[in-house]
Amino acid sequence: MKIPDFQRRQRGGIIFRLVFLLFVLILCMVVYLARHPLLRFAGESWVVEDPLQHADVLVVLSDDNFYADRATRAAELFRQGFAPVVVASGRRLRPNAGIAELMEHDLVERGVPKENIVRFVHDADNTREEAEALAPFVAQRKWRSVIVVTSNVRTRRTRYIFQRVFAPEIAARVASARNGDFDAAHWYEKRKSIKELMGELGGMLVAMWELRGKGSPSGQAQSVVGLAGGKLLLAV
C-alpha cells in the first residue's frame, strides 16, 4: 500500500526532530562532562603576564587585597632586582591619610627599604583614572618603561588600559600577583571568585567603551621591545 506524501513528510519531520533532540542531548552531555576544563579555561584566560626584564621603577597600584598580595609580589620583584624604586600608588582616604601609606607599610614589612619607596597619592576611582594620573608622573620622572604587576584576575584589563593611556615611548609590561580572593583554576566554586570575574567582565566592557579609538596594542608591543634597556615595573 502506497503511503501518502503528507504522511512521509510527517514521518520525516518526526525523525528529523528526534535526531536533532538526540544531538542536543549529546552536546549537553559533552558540555557537562567538560564543564570543569571549560570553566578553568575561562578563568585562566583572564590571567596574563608579560616577559619581565629590569625596569626603572616598580609601581604598586591602589586597593591591594586583604592579604597584600600585590605588595608581596612587588617586594619579590624588587628583591630579585627588577627595579631599584617602588612607587606606592594609593587613593586618598582623608586629607592626611590614604592607601599609599598602608601600601608603604606592607612593602617595608616585606623587605623593601623605605628610602626606595615613593608614595603617589591620587583620587582615582578606577584603573583607567589611576593610569591617567600616573602617566604624567612617570613622564616627569623620565621613566621610560613599565611592568604592570596586578592581581591575577585584573591583568588582562590592566594591560589593555595601560597600553592605551601611557605614551607610546613608555614600555608597559604586566605581571600577575597571587590573589587570595581569586583562584583561576577553581573560580566557579567560590562566591567571591565568581564575583571577581563577573566584575572584571563588566570592567573590561567599560574600559573598551571609555578608551575606544585610543592607542594601539601593536604599537605598544613594539615600543616594549624597542625599550628593552629600560623598564618601569608597575604593580596594580
Side-chain angles (χ1 to χ4, degrees), residues 42-53 55-65 70 73-74 87-92 98-100 103 120-177 179 181-182 184 187 195-228 230-236:
E44 291 176 347
S45 66
W46 282 93
V47 181
V48 299
E49 177 156 339
D50 295 320
L52 303 183
Q53 301 179 30
D56 291 333
V57 63
L58 193 108
V59 182
V60 187
L61 294 194
S62 187
D63 291 2
D64 201 352
N65 62 15
R70 300 178 189 179
R73 180 71 199 279
V87 172
S89 174
R91 291 185 297 114
R92 192 191 325 270
I99 292 176
M103 190 179 298
F120 179 71
V121 180
H122 58 80
D123 297 308
D125 289 328
N126 52 56
T127 304
R128 177 187 59 80
E129 291 182 3
E130 190 165 9
E132 291 172 346
L134 277 165
F137 178 74
V138 169
Q140 182 182 14
R141 295 289 182 122
K142 301 188 185 308
W143 290 324
R144 306 299 297 171
S145 56
V146 181
I147 300 177
V148 184
V149 183
T150 184
S151 301
N152 56 10
V153 71
R154 309 198 189 286
T155 48
R156 185 169 294 278
R157 179 170 59 92
T158 299
R159 181 164 68 181
Y160 179 89
I161 290 172
F162 276 84
Q163 284 181 349
R164 286 158 177 77
V165 171
F166 271 37
E169 62 271 17
I170 299 177
R173 293 178 180 268
V174 174
S176 173
N179 188 348
D181 294 328
F182 182 81
W187 63 272
K195 184 179 178 181
E196 286 273 338
L197 185 58
M198 294 302 104
E200 275 306 297
L201 289 171
M204 188 65 170
L205 291 175
V206 171
M208 292 173 68
W209 172 257
E210 292 177 336
L211 297 172
R212 61 193 183 281
K214 290 187 178 181
S216 169
S218 58
Q220 181 66 24
Q222 292 172 359
S223 68
V224 169
V225 174
L227 291 171
K231 317 292 184 295
L232 165 65
L233 179 58
L234 177 60
V236 184

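Please read these numbers as outputs of a predicted model, since none were measured by experiment. Throughout, numbering of the chain's residues begins at 1 and tracks the sequence. In what follows, every heavy atom counts, from backbone to side chain, and hydrogens, waters and symmetry copies are set aside.
- Dense packing is recorded around CE of Met198, with more than 12 heavy atoms of other residues, nucleotides or ligands lying under 6.0 Å away.
- Partners of Asn152 by side chain to side chain donor-acceptor pair (under 3.5 Å), not counting sequence neighbours, listed by chain and number: Asn179.
- Glu130 has no carboxylate O lying under 4.0 Å from a charged side-chain N of Arg91, or vice versa, which leaves the two without a salt bridge.
- Panel note: side chain Thr155, backbone Ala175; no donor-acceptor pair is recorded below 3.5 Å.
- Identified under the salt bridge (charged side-chain N to carboxylate O under 4.0 Å, His left out) test for residues 131-142, with sequence neighbours left out: Arg128-Glu132.
- Here the NZ-CG distance, from Lys195 to Asp181, works out to 10.0 Å after rounding to the nearest 0.5 Å.
- Residues Ser176 and Glu49 come closest through the heavy atom pair N-OE1, 3.1 Å.
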Between Phe162 and Val174, is the side-chain contact (heavy atoms from CB on, under 4.5 Å) condition met? List the steps.
CA-CA 9 Å; Phe162 276 84; Val174 174; over 6 Å; no

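- Listed for the Arg73 side chain is no donor-acceptor partner under 3.5 Å among the backbone atoms of Ser151.
- Geometrically, Arg164 engages Tyr160 in a cation-pi contact defined by less than 6.0 Å to the ring centre and at most 45° from the axis.
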Apply side-chain contact (heavy atoms from CB on, under 4.5 Å) to residues Val48 and Arg159 and explain how you reach the verdict.
CA-CA 9 Å; Val48 299; Arg159 181 164 68 181; 3.7 Å; yes

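- Ring-plane geometry between Phe120 and Phe137 is classed as tilted, the angle between the planes lying from 30 to 60 degrees on a 0 to 90 degree scale.
- Under a 4.0 Å N-O distance rule, the pair Arg154/Glu200 qualifies as a salt bridge.
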